[in-house]
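Take a look at the structure set out below.
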Amino acid sequence: MNIFGLFERRVGEALGRLEAAGHIPAGLDTSRVLVEPPRETGHGDLATNAAMAIAKQAKANPRALAELIAADLRTDPRVSGVTVAGPGFINIALAPSTLHEVIRAALLDQHGFGRSGQGAGAAVNVENVSANPTGPMHVGHGRGAVFGDALANLLAFAGFAVTREYYVNDAGAQVDVLARSAFVRYREALGQDVGAIPEGLYPGDYLVPVGRALAEEFASTLLDRPEAEWLPTVRTRAIDAMMALIRDDLASLDIRHDVFFSERSLSGGATDEIRATIEGLRSRGLVYEGRLPPPKGQPPEDWEDREQTLFRATEFGDDIDRPLLKSDGAYTYFAADIAYHRSKFERGFASMIDVWGADHGGYVKRMRAAVKAVSGGDADLDVKLCQLVKLLRGGEPVKMSKRSGDFVTLREVVDEVGRDPVRFMMLFRKNDAPLDFDLAKVLEQSKDNPVFYVQYAHARVASVFRQASETSGFTPDREALAGADLSVLTDEAEIELERRIAQWPRLVEAAAAAHEPHRVAFFLYDLSGVFHALWNKGKDLPQLRFVKQGDERSTVARLALLGALRGVLASGLAILGVSAPDEMR
RNA sequence: GACUGCGUAGCUCAAUGGAUAGAGCGUUGCGCUUCGAACGCAAAGGUUGGGGGUUCGAGUCCCUCCGCGGUCGCCA
């Protein structure tokens, strides 16, 4: 039950009547008409810009128009008052019973309140993580992983059919390096003195078990073979081991993918998908042989002007055409990526979201161009870039890792502070803003730790229900709560909590539309603040306490309010992938 | 040089093109002597980096300049 959506339609009906009565012309563009919560609570429960949004088209005075709309809205029984303010805002005060209906709906449908048909079951592909299978995940990967997972949860909650996908970069030079690195560990496992890991190979000790497994499987049979013979086998074993490692890392954050898509499968199968993709584009005149100008500013020293195979990315908004073949004739990463995104389109995804690290920002335009090209303009790609995570402990930067040598692994952080703080804090910032993550702060049990603050709100609600049961033997079921007389909730702090709960469905829609899960985190933080404020008010004013012995009528009403709150907190935390504890010790 | 993200209170950050730009921390004042304080209430604190434009209305959109970061054919 989205009260804002209901009233958006209601305002539309009012405009229809004004049109029928000849007060405004027909065919106005009402797409900018919104019903939203007013910033100032003194302005009522809902506000609409309808008059201002159409005044100019209607060649009418916005305030006069607002009065006409207000007059219509005043006839609505769900409304207790309508005023016109400022340049033409229409402020609507809801009848208390209207707000109570929303609370009842939230209470009766704990898991469904806030869900919507917004997505209408449309298929959306969310690709995230896609870390190279060459080692454990680091903290930066973790941000993209959590962001993508929460975004997928959010979209599913908003009615989309979401597929979570991981693109495995199991082709290219880096996995050959991985294989060579594993081979060193293999020799080591066979007792050879390998000394320091050679420059250019992966030094991390996470490859030690891979070497051991190879020694166990192949004994010394690979030792004297030329690289070309052992590399494919070792590579496969090493990639599998690294993907197992990464899946474990992801599992520690409760992240799972529906599809792991292999880059190698694009060109290694029966048909070369990359080649097919390129030829398809070529047949439409979108691939040609040509020369690129060297980059301006500081040209690379090894720049070689040569003819190459180019994708006409400029046709679709990119700044320059992009090469598809390397000088040695192999496909560029971009060529494979075009084929990969074509595969997504052919698998039925007209809506794709890629979550990347900020260092790939220069890649966005060409990828969007490619998606337009391979889909004939029928698919849309949104790329969400996650900025760097700066890891701190008590304000001091954390740099080195014991395990990997040169970066802090995600696992180390999860092991130190736990899943919930990692997930919540990664989402308590816009994705495109850099993030400071303080390992000490996220474990504080205080108001300036948002993770604690929100989880504690949920635990406090549970504790009220426990207390009601323990002190009064009072354990109403959901139906009893839904039947409560909510009109006893008259304190401004209680009404404010009702208003916030009523805003949840609208928040979900806005966050889903914008692909911005952080809005859920901030909403929960604000909502928790309103609840904690009400709790504290009960400290000074005993009549506001949730459980009042001998006053079942107001107790049941307050428990109903808290039951609605608990549902919203639980739904929101579930979207973030953070647990909603019933107690915190 | 090009592209891209960012620039909001002392600090860290919010704000689908809406009204007097909001939170937390910090600061200041008051309260709380454990009965629901793992604090509460209140105050001070802003030219939203500068300038122009679009709009009834701009932190938000466009242009430009400044500052910080990222990226820049064949790495992924």
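Naming convention: chains lettered A, B, ... in sequence-line order (proteins, then strands); numbering from 1 in each chain. All values reported here derive from a predicted model rather than from experimental measurement.
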Requested in this report: Classify the nucleic acid contact of A:Pro323 as base, sugar-phosphate or nothing, counting any heavy atom under 4.0 Å across all strands shown.
Outcome: sugar-phosphate

Check your understanding: Does a donor on one side chain and an acceptor on the other come within less than 3.5 Å for A:His341 and A:Asp354?
Key -> yes

Rounded to whole Å, CG of A:Asp337 lies from P of B:G73 at a distance of 17 Å

Result for 5'-nearest mapping on RNA chain B, choosing between A:Gln467 and A:Gly362, is A:Gln467

For A:Val547 and A:Ala468 the tightest heavy-atom approach is CG2-CB, 3.8 Å

Taking B:G5, B:U55, B:A14 as options, the one with an atom nearest any side-chain atom of A:Lys56 is B:U55

With the side chain defined as heavy atoms from C-beta on, A:Ser327 is closest, among B:C74, B:U4, B:G36, to B:C74

message: Roughly how many Å apart are B:U27 and B:G10, using the P atom of each and rounding to a whole number?
response: 15 Å

Taking B:A58 as the reference, what is the distance to B:A19 when you measure between their P atoms (whole Å, please)?
10 Å

Rounded to whole Å, the CE-C1' distance (A:Met367 to B:C3) equals 17 Å

Atom CG of A:Leu385 and atom P of B:C72 are separated, to the nearest Å, by 14 Å

In whole Å, what separates the C1' atom of B:A14 from that of B:A23? 7 Å

A:Phe428 atom CZ is separated from B:A14 atom P, nearest whole Å, by 9 Å

Quiz item: Using the ring of each side chain (for Trp, its six-membered ring), is A:Trp535 parallel, tilted or perpendicular to A:Phe546, with breaks at 30° and 60°?
Solution: tilted

When rounded to whole Å, the CH2 to C1' distance for the pair A:Trp303 and B:C74 reads 9 Å

Establish, for the pair A:Arg566 and A:Phe465, whether the NZ or CZ atom is under 6.0 angstrom from the six-membered ring centre and no further than 45 degrees off its axis. yes

*Could you tell me whether A:Gln308 contacts a base, only the sugar-phosphate backbone, or nothing, with contacts defined as non-hydrogen atoms closer than 4.0 Å?*
base

RNA chain B in dot-bracket form (Watson-Crick or G-U pairs under 3.5 Å, [ ] crossing, | inter-strand) is (((((((..((((....[...)))).(((((.......))))).....(((((..]....))))))))))))....

Rounded to whole Å, CG of A:Asp328 lies from C1' of B:G73 at a distance of 13 Å

- Task: Please work out if A:Glu444 contacts a base, only the sugar-phosphate, or nothing of the nucleic acid, heavy-atom cut-off 4.0 Å.
- Result: nothing

Side-chain donor/acceptor of A:His518 to base of B:A14, under 3.5 Å: no

- Step by step, would you call A:Phe428 with A:Phe522 a ring-ring contact (aromatic ring centres under 6.0 Å, His included)? CA-CA 7 Å; A:Phe428 200 58; A:Phe522 280 98; 4.3 Å; yes

- Item | Sugar-phosphate, base or nothing in reach of A:Pro450, heavy atoms under 4.0 Å | nothing

*Using the P atoms only, state how far B:C13 lies from B:G69, rounded to an integer number of Å.*
16 Å

Smallest heavy-atom separation, A:Arg235 atom then A:Val175 atom, equals CG-O, 3.6 Å

Practice task
Mind checking A:Lys365 for me? I need base, sugar-phosphate or nothing, with any heavy atom below 4.0 Å counting as a touch.
Solution key: sugar-phosphate

Note to self: What's the gap between B:G53 and B:U60 when it is taken at their P atoms, as a whole Å value?
What the structure shows: 14 Å

Looking at A:Ser262 and A:Arg264, would you say the former's side chain and the latter's main chain have a donor-acceptor pair under 3.5 Å? yes

Taking every heavy atom of A:Ile54 against every heavy atom of A:Asp29, the minimum-distance pair comes out as CG2-O, 3.9 Å

Ranking B:C13, B:A76, B:C41 by distance to the side chain of A:Ala533, first place goes to B:C41

Between A:Ser181 and A:Leu207 the two heavy atoms that sit nearest each other are CB-CD1, 3.5 Å

Closest heavy-atom pair, A:Gly86 versus A:Arg63, reported as atoms and distance to 0.1 Å, is O-NH1, 2.6 Å

Closest of B:G70, B:A76, B:U12 to the A:Gln174 side chain is B:A76

Original post:
B:U8 and B:G50: how far apart are their P atoms, nearest whole angstrom?
Top reply: 10 Å

Under 4.0 angstrom, heavy atoms only, what part of the nucleic acid is A:Ala55 near: base, sugar-phosphate, or nothing? nothing

A:Leu435 atom CG is separated from B:C11 atom C1', nearest whole Å, by 16 Å

Among B:C74, B:A14, B:G36, the one nearest any side-chain atom of A:Phe522 is B:A14

- Hey, are A:Lys344 and A:Glu127 close enough for a salt bridge, meaning a charged N less than 4.0 Å from a carboxylate O? yes

By nearest-nucleotide position on RNA chain B, the 5'-leaning member of A:Tyr453 and A:Tyr363 is A:Tyr453

Whole-Å distance, A:Ile239 CD1 to B:A76 P, equals 13 Å

Which is true for A:Tyr456 with a 4.0 Å heavy-atom rule: it touches a base, it touches only sugar-phosphate, or it touches nothing?
base

| said: When the P atoms of B:U20 and B:C63 are compared, how many Å lie between them, rounded to an integer? | reply: 28 Å

N/O-N/O pairs, protein side and nucleotides 16-26 of chain B side, under 3.5 Å:
unit_1	atom_1	unit_2	atom_2	d
B:U16	O4	A:Glu36	OE1	2.0
B:U16	O4	A:Glu36	OE2	3.2
B:A19	OP2	A:Arg39	NE	3.2
B:A19	OP2	A:Arg39	NH1	2.8
B:A19	N6	A:Asn91	OD1	2.7
B:A19	N1	A:Asn91	OD1	3.1
B:A19	N1	A:Asn91	ND2	3.0

Pick the P atom in B:U64 and in B:U48, then give their distance to the nearest Å.
22 Å

When every non-hydrogen atom of A:Ala313 is compared with those of A:Arg322, the smallest separation belongs to CB-CG, 4.1 Å

* To do: Could you check whether A:Arg460 gets within reach of a base, just the sugar-phosphate, or nothing at all, counting any heavy atom under 4.0 Å?
  => nothing

